[in-house]
J.: 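Starting off with a structure, shown below.
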Protein chains: 2
Amino acid sequence: MKAQDYPRPAVAVDLVIFTVLDADLKLLMVRRREDPFSGCWALPGGFVRVGAAADQGEDLDEAARRELTEETGLPARSVFLEQFHAFGRAGRDPRMRVISVAYYALVSPELAPFAVAGGDVAAVRWFSLSELPAAELAFDHAEIIAVAASRIRRSLDSTSIALELVPRSFSIAELRAVHEAIDGVTHDPANFRRRFLRMVADGLIEEAPGQRVTGKRRAKVYRFRRPRT
Amino acid sequence: MKAQDYPRPAVAVDLVIFTVLDADLKLLMVRRREDPFSGCWALPGGFVRVGAAADQGEDLDEAARRELTEETGLPARSVFLEQFHAFGRAGRDPRMRVISVAYYALVSPELAPFAVAGGDVAAVRWFSLSELPAAELAFDHAEIIAVAASRIRRSLDSTSIALELVPRSFSIAELRAVHEAIDGVTHDPANFRRRFLRMVADGLIEEAPGQRVTGKRRAKVYRFRRPRT
DNA sequence: ATAATAGTGTCTATTAGACAATATCCT
DNA sequence: AGGATATTGTCTAATAGACACTATTAT
């Protein structure tokens, strides 16, 4: 039996799209319009396009960006997107064997309101992690979400992902709020500030023009020293 | 067009199997016996078994353990195995679209000599990272290896993976040698010792009976406080 | 005795965290 | 003026890293 003749699974990409709104970590779910799980909330995603013969189709990252745009309307270029795990348990899709490569996406709060239902999606909605309707989640998406959340929590300290969840220019308090929303603890403003200023000294962050006016004392604003779109 | 009717990719698992021998980080490659890349060195691995209808086949982790045993003869139960990335670039297999879910495995040096060629493999061999025959590597396996190596280097400090690469009972110097082999730097014995003793204090590691006789001064030996097979 | 490695002690610099105090800005 | 937040200062404990030193054992 040749390799080409083995039965094959379907392969999909699923997206766990995070943002921080109202000082809370939220993720974007879509309401399914078709069976299975019609009417349930699911992660945005879809099948990877696999060509035939000479054209072998799109890459995984490409598929993820395409689904992001198709189903949520978010501008793929401005969104941080990273693959984190493949889920392939037998039976996770009742129709057939489906292996899903999962990505997490980080969307700045400025962009979050622009998510709209597209493709074959009935609606989109930002959910707090705690308010997810556990009983109405499609497939094994609850498990995928749990893995994604623990992954970004673990990466919070060792990477600069928090900077992807903040407006283009931001105050120290705003970045602190993102950290607090993600890991659920509160940070001392003075101590957080010192760590932050080290990042400025390291050249990762720089002062930006303008100030943040919140109704109280004004704060300096900063920006990530890296081309953002 | 129904979901079931889309063209599908083949899905494989590939294993990057590490051990530490002669104070050097090594990985296990197999020599291919069939085209494509017949005669080349490749990562152990193979296609995921996908059933039909009611039986949807084996899980990804299951497939990884199966291939580990089939192709290398290593005892799957005693090997640390973790998925780290899916590779799916179009064209990475000339025959057809193949998406490969990659795992890294950590094998204690006691077990490493028991690797033998099995299945449709012509030979197995432990390679140092630096002596890999770059020109004779199959598919995109060089890239997969690079990602795996950088991943375990990054995890070295935040996890206890080094403990998977050491004999059942080990001296502090042996664990230090593993760290040095993986990240390529040397550690001050005194400072490394202090960090190590904190792990003992935390209950992660405990003293083991016996001593390590190296020809010089004898060293105490320790063991990971966790059932090992 | 010597060489080599195991193991101890000490000093400095960096960092996290707790917390007090001051500065600025809006109402 | 008063409340809230930004910002600065100070103290303590934990840790990494450099490095000198002592202890043990094979040869």
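Chain naming here is simple, since letters A, B, ... match the order of the sequence lines and numbering starts at 1 in each.
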J.: Flag the pair B:Arg153 and B:Asp183 as a salt bridge only when some basic side-chain nitrogen lies within less than 4.0 angstrom of an acidic carboxylate oxygen.
T.: no
J.: Under 6.0 Å between ring centres: does that hold for A:Phe84 and A:Tyr103?
T.: no
J.: What nucleic acid atoms does A:Arg194 come within less than 4.0 Å of, heavy atoms only: base, sugar-phosphate, or nothing?
T.: base
J.: Tell me whether B:Arg89 is salt-bridged to A:Asp59, with the criterion being a basic N under 4.0 Å from an acidic carboxylate O.
T.: no
J.: By nearest heavy atom, map A:Asn191 and A:Lys216 onto DNA chain C; which one lands nearer the 5' end?
T.: A:Asn191
J.: Tell me whether the side-chain N/O atoms of A:Arg176 come closer than 4.0 Å to OP1 or OP2 in D:dA6.
T.: yes
J.: Mind calculating the distance between CD (A:Glu174) and P (D:dT7) to the nearest angstrom?
T.: 12 Å
J.: Could you give the CG-to-P distance, from A:Leu175 to D:dA6, as a whole number of Å?
T.: 13 Å
J.: Roughly, in whole Å, what's the span from CZ in B:Arg195 to P in D:dA14?
T.: 18 Å
J.: Write down the distance between NE2 (B:His187) and P (D:dA18), rounded to a whole number of angstrom.
T.: 11 Å
J.: Rounded to whole angstrom units, what separation is found between the CD atom of A:Glu207 and the C1' atom of D:dA6?
T.: 14 Å
J.: Looking at D:dT15, D:dC19, D:dG9, which one has an atom nearest to any side-chain atom of A:Ala190?
T.: D:dG9
J.: Select one nucleotide: of D:dA23, D:dT25, D:dA16, the one nearest the side-chain heavy atoms of B:Arg217.
T.: D:dA23
J.: Cation-pi check, A:Arg125 to A:Phe127: give yes when NZ or CZ is under 6.0 Å from the six-membered ring centre and within 45° of the ring axis, no otherwise.
T.: yes
J.: Would you mind reading off the distance between B:Ile172 atom CD1 and D:dA23 atom C1', rounded to a whole angstrom?
T.: 15 Å
J.: Students should find this one: the first and last nucleotides of DNA chain C, 5' to 3', lying under 4.0 Å from a heavy atom of chain B. What are they?
T.: C:dA4 to C:dT10
J.: Would a 4.5 Å heavy-atom cut-off, applied to side chains only, mark A:Ile205 and A:Leu163 as touching?
T.: yes
J.: Which of the following nucleotides, D:dT25, D:dG17, D:dT7, is nearest to the side chain of A:Pro189?
T.: D:dT7
J.: Quick one, B:Met29 with B:Ile145, criterion side-chain contact (heavy atoms from CB on, under 4.5 Å). Give me CA distance, side-chain angles, the key distance, then yes/no.
T.: CA-CA 11 Å; B:Met29 304 295 287; B:Ile145 290 165; 4.0 Å; yes
J.: Atom CD of A:Glu180 and atom P of D:dT5: how far apart are they, to the nearest Å?
T.: 12 Å
J.: Closest approach to the side chain of A:Arg193, judged atom by atom: which nucleotide of D:dT8, D:dA16, D:dA4 is it?
T.: D:dT8
J.: Just by modelled atom types, is the A:Val221 backbone N or O under 3.5 Å from a matching donor or acceptor in the A:Glu207 side chain?
T.: no
